[in-house]
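Reading through the structure tokens given below for one structure.
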Amino acid sequence: MSDRYLDLATSTVGQRLVGALGLPTPVRLERWQSGRMHPVDGALLLGGASLAASLADGWQRLSDQGFASEAGRFDLPVWDPEQGPALKALLFDASALSRSEDLDQLRRFFQPALRHLTQCPHLVILGRPPESLADPMAASTQAALEGFSRSLAKELGQGGTLQLLYVDAGAEDQLEGALRFFLSPKSAYVSGQVLRLRACAARVADWTRPLAGRRALVTGASRGIGAAIAETLARDGAEVWLLDVPQASDALQALAARLGGHPIALDISAADAPQQLLQALPQPLDILVHNAGITRDKTLKNMDDSLWNSVLAINLQAPLRLTEALLDGGGLADHARLVLIASISGIAGNAGQTNYAASKAGLIGLARAWAPSLANRGISINAVAPGFIETAMTATIPFALREAGRRMNSLGQGGVPQDVAETVAWLAQPGSGAVSGQVLRVCGQSLLGA
Ligand code: NAP
């Protein structure tokens with residue numbers, strides 16, 4: 001669905017009008033295009049210490065223009081604000097900060113660079129998980145990074161994003177995969193997020209096809225976010241099984257044919273859905289994406305049994321039953337990657353969505369609860385919580401609510417299905433076993449539930 005305000009605000013005439021009226025000015029976000037060489041298409045500025053040293057010989061794979069904030073670091077030229085160039089990405093390693101006085105290093109690194117950013121820049125701060133530090137001062141200093149990051153993300157404007165990655169000791173070698181996502185337009189609609197990376201033995205062999213040889217199932221794949229996930233997983237090399245309700249068979253078959261994938265017409269809430277699914281899958285899956293979901297909104301006092309039950313059955317009970325059946329029936333490979341599509345409604349709550357928000361919060365709970373036991377088999381499970389994404393589902397929201405949902409975030413616009421799909425594709429990579437039991441929001445740093 002088109003966003004008319006964004007079209008206006010980014011047109012030549014509209015830009016002047018919007019500026020003169022003092023209205024918010026969202027920029028058209030840059031998104032990943034197939035065939036790009038480097039995750040960062042422009043200058044990358046590196047600063048800080050220790051952790052990023054593991055990238056000393058790897059930053060060239062991120063960008064072909066590297067600069068350091070200080071002399072003698074990474075064998076790179078020092079970036080000079082007077083001479084430029086403008087910066088596309090910033091990476092500051094704050095893992096060595098251990099006293100509150102050290103936090104000033106953040107200000108000294110970011111302040112000069114902030115005036116010299118290109119449009120849609122991507123910023124990342126690295127830290128150590130505060131809970132892993134014995135020294136209370138060091139733990140407090142690392143915790144402070146969270147407030148700094150979330151605030152600076154809100155100040156960026158110009159389509160900029162910023163995340164904080166807490167990297168456990170031993171997880172440094174998984175940084176490249178995370179930075180390929182968070183410093184590139186693949187994370188165009190992800191901002192203000194805090195994630196933890198843990199040690200993970202699995203690796204991506206070929207960054208041009210990180211999912212080569214992996215078998216993936218996506219539910220609700222005939223349209224919207226599910227179709228984009230299937231396309232993106234296939235783009236990255238996976239063989240895809242696409243599942244949707246029998247009524248969507250035509251669209252499902254057409255997409256499966258285009259992607260060289262396999263359609264499965266099945267209602268995931270049917271009593272025999274687990275058995276049918278196991279029969280339809282010839283071999284264990286490496287990637288399982290529970291995307292199918294519905295909304296049936298009504299305030300609780302007006303909500304009848306069928307509205308309540310259908311949402312809970314499809315959004316929460318079906319993923320739980322299907323995953324249990326796949327685990328018990330040998331349908332999931334060791335080191336599989338499971339992704340549950342939740343919603344920020346499950347975090348913030350939403351009037352008229354007690355059923356939907358309960359189902360989505362339940363999915364987040366499932367990811368957290370299942371992660372420790374699945375880790376024994378190297379399996380990761382995470383929830384992705386989209387905010388306002390332009391699809392058939394959000395097209396049905398009444399106009400005023402729709403506009404509020406679109407604009408109430410740091411990027412001033414809705415996301416597109418590709419934004420959720422890129423996030424799922426990153427979490428589906430072998431090395432992304434470094435992330436498990438977590439929830440990653442794809443919401444442009446929505447104010448809801450922030
Ligand atoms: P969508 O356009 O409605 O697509 C969902 C697909 O799932 C549809 O093809 C739907 O078929 C299918 N489906 C529904 N019930 C099913 C069942 N019992 N068995 C198999 N397939 C079933 O939705 P979307 O906007 O792409 O959303 C995808 C996911 O993202 C959902 O889980 C949604 O809750 C979540 N999400 C979306 C947004 C957003 O802004 N769009 C925000 C947060 C979270 P039908 O034709 O029968 O409906």
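As the structure lists them, so they are numbered: ligands from 1, and atoms in each ligand from 1. A quick note: this is a predicted structure, and the numbers were derived from the prediction, not measured.
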Heavy-atom nearest neighbour in the protein, as seen from atom 7 (O) of ligand 1, with distance rounded to 0.1 Å: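 In this structure, atom 7 (O) of ligand 1 has G220 CA, 3.3 Å as its nearest protein heavy atom.
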What residue and atom, counting heavy atoms only, is the protein's closest point to atom 43 (C) of ligand 1, and at what distance?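 Result for atom 43 (C) of ligand 1: P386 O, 3.4 Å.
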Please check if the side chain of [X] supplies one atom and the backbone of [Y] the other of a donor-acceptor pair under 3.5 Å.
X    : Y    : answer
R215 : D286 : no
Q174 : C200 : yes
R402 : I397 : yes

With a 4.0 Å cut-off on N to O distance, would you call E231 and R223 a salt bridge?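 Salt bridge flag = no for R223 with E231.
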Residues R406, E403: salt bridge by 4.0 Å N-O rule: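 Judged by the 4.0 Å cut-off on N to carboxylate O distance, R406 and E403 do form a salt bridge.
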Would you indicate which of [options] comes nearest to [atom] when only heavy atoms are counted?
atom                    : options                : answer
atom 21 (N) of ligand 1 : T219, D244, I397, L363 : D244
atom 5 (C) of ligand 1  : G226, G293, G414, G224 : G293
atom 46 (O) of ligand 1 : R223, H290, Q247       : R223
atom 47 (O) of ligand 1 : V218, L243, V245       : V245
atom 25 (O) of ligand 1 : T391, V289, V420, T394 : T391

Which part of [X] is near ligand 1, with near meaning a heavy atom under 4.0 Å away: side chain, backbone, both or neither?
X    : answer
I389 : both
A292 : both
A342 : backbone

Looking at ligand 1, does [X] have a heavy atom less than 4.0 Å from it?
X    : answer
I294 : yes
G405 : no
A248 : no
K360 : yes
N315 : no
G387 : yes

Please check if the number of heavy atoms outside N376 that lie under 6.0 Å from its CG is greater than 12.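 Yes, enclosed.
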Angle between ring planes, W426 versus F181, binned at 30° and 60°: parallel, tilted or perpendicular?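 Answer is parallel, since the angle falls under 30°.
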Verify the distance criterion only: is there a donor paired with an acceptor across the side chains of Q275 and Q279 at less than 3.5 Å?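 Side chains of Q275 and Q279: no pair found under 3.5 Å.
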Is a donor from one side chain sitting under 3.5 angstrom from an acceptor on the other, for H290 and T219?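 No, no side-chain donor-acceptor pair sits under 3.5 Å.
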So which heavy atom on G127 is nearest to which on L145, and how close?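 Heavy atoms only, the tightest pair is CA-CD1, 4.0 Å.
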Please determine which of N382, V424, L195 meets the side-chain contact (heavy atoms from CB on, under 4.5 Å) test together with L440.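 When side-chain contact (heavy atoms from CB on, under 4.5 Å) is applied between L440 and each of N382, V424, L195, only L195 qualifies.
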For ligand 1, which atoms have a heavy atom of Y356 less than 4.0 angstrom away?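 Selected atoms, number and element: 33 (C), 34 (O), 35 (C), 36 (N), 43 (C), 44 (C).
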Is the shortest N/O to N/O distance between S343 and ligand 1 below 3.5 Å?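 Min N/O separation from ligand 1 is not below 3.5 Å for S343.
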Contact check: I225 vs ligand 1, nitrogen or oxygen atoms, below 3.5 angstrom: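 Yes.
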